[in-house]
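Structure, as structure tokens:
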Amino acid sequence: MPGVIEKYRHPDVPDISYLTNVEADGSIDAFGVRRASDWHYDGSFAERPPDCAMLFGIKIPSVGGGTLFADMHTAFITLPQDLRDRIEGLETINHFGLGPAGRDYFDGMSPDRWSAYQPVRRPLVMPHPITGRTLLKFCMIHTAGFSGMTHRDSASLMADLLAHATSDACAYYHAWQPGDLVLWDEHATMHRDAGDFPPEQPRVMLRAMVGGNPAE
Ligand SMILES: [Fe+2]
């Protein structure tokens with residue numbers, strides 16, 4: 001599945017994109033610094049998101065620069081009863097860049113990019129398509145809200161779910177070494193750049209996504 005932002009695509013292999021904070025002239029790419037630093041799963045705005053993805057570390061900052069992963073099966077099975085009651089029967093409405101943390105995404109592409117996509121609904125609680133394990137499925141960048149709820153109530157519920165799903169019991173921090181290759185299950189996890197590195201230090205990775213429908 002090609003990355004959605006053309007600027008970062010590998011010139012020869014569109015299914016591979018750079019995650020980089022370095023412009024071609026060597027200056028700092030401000031969007032590249034904060035891109036993907038909010039919790040998400042890739043392609044959540046697409047009808048069929050990718051099945052898995054991988055990152056290969058090339059240049060790693062001397063401080064921080066990690067990637068966080070949240071296990072959305074553990075998040076579901078450990079969900080407190082009051083939150084279970086609040087999410088009963090809900091669907092997410094996913095639309096490009098319209099999640100609580102999505103607005104910055106438009107700095108990386110044309111401002112009307114969101115209008116190229118249709119909203120995609122999927123259950124907030126759904127089985128993993130391969131393992132059948134029950135998952136919580138939402139994304140802070142592209143989940144605009146929940147069906148039948150106001151935008152404000154959706155944002156409040158999403159914040160409560162996020163706090164639980166990204167607590168220490170559900171989350172993993174990967175501290176990179178150059179040459180590391182990390183693969184993850186896009187259905188079962190959310191992830192984010194930890195956003196904890198000095199922006200003037202280069203952080204360069206390659207990313208590939210497997211499966212899903214094309215981003216275009
Ligand atoms: Fe991502």
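Order of listing sets the numbers, starting from 1, for every ligand and every atom in it. We use all heavy atoms of the structure for the numbers below, so side chains are in, but hydrogens, waters and symmetry mates are not. This structure is a prediction, so every number in the text was calculated from the model and none was measured.
- Applying the ring pair (Phe, Tyr, Trp, His ring centres under 6.0 Å) test to His191 and every residue at least two apart in sequence or in another chain returns His40, Trp184.
- By the rule that hydrophobic residues join a cluster once side-chain heavy atoms approach within less than 4.5 Å of another member, Phe197 and Val182 end up as members of separate clusters.
- Residues passing the ring pair (Phe, Tyr, Trp, His ring centres under 6.0 Å) test with His151, sequence neighbours excluded: none.
- Residue Asp29 comes nearest to Thr20 through the heavy atom pair OD2-O, 4.0 Å, listed as atom of the first residue, atom of the second, then distance.
- Remark: Ser44 engages no residue in a side-chain hydrogen bond (donor to acceptor under 3.5 Å, both in side chains) (not counting sequence neighbours).
- Hydrophobic clustering (side-chain heavy atoms under 4.5 Å, transitive across Ile, Leu, Val, Met, Phe, Trp, Tyr) groups Phe45 together with Tyr8.
- The set of protein atoms (N, O or S) found at less than 2.8 Å from the Fe ion (ligand 1) reads His40 NE2, Asp42 OD1, His191 NE2, by chain and number.
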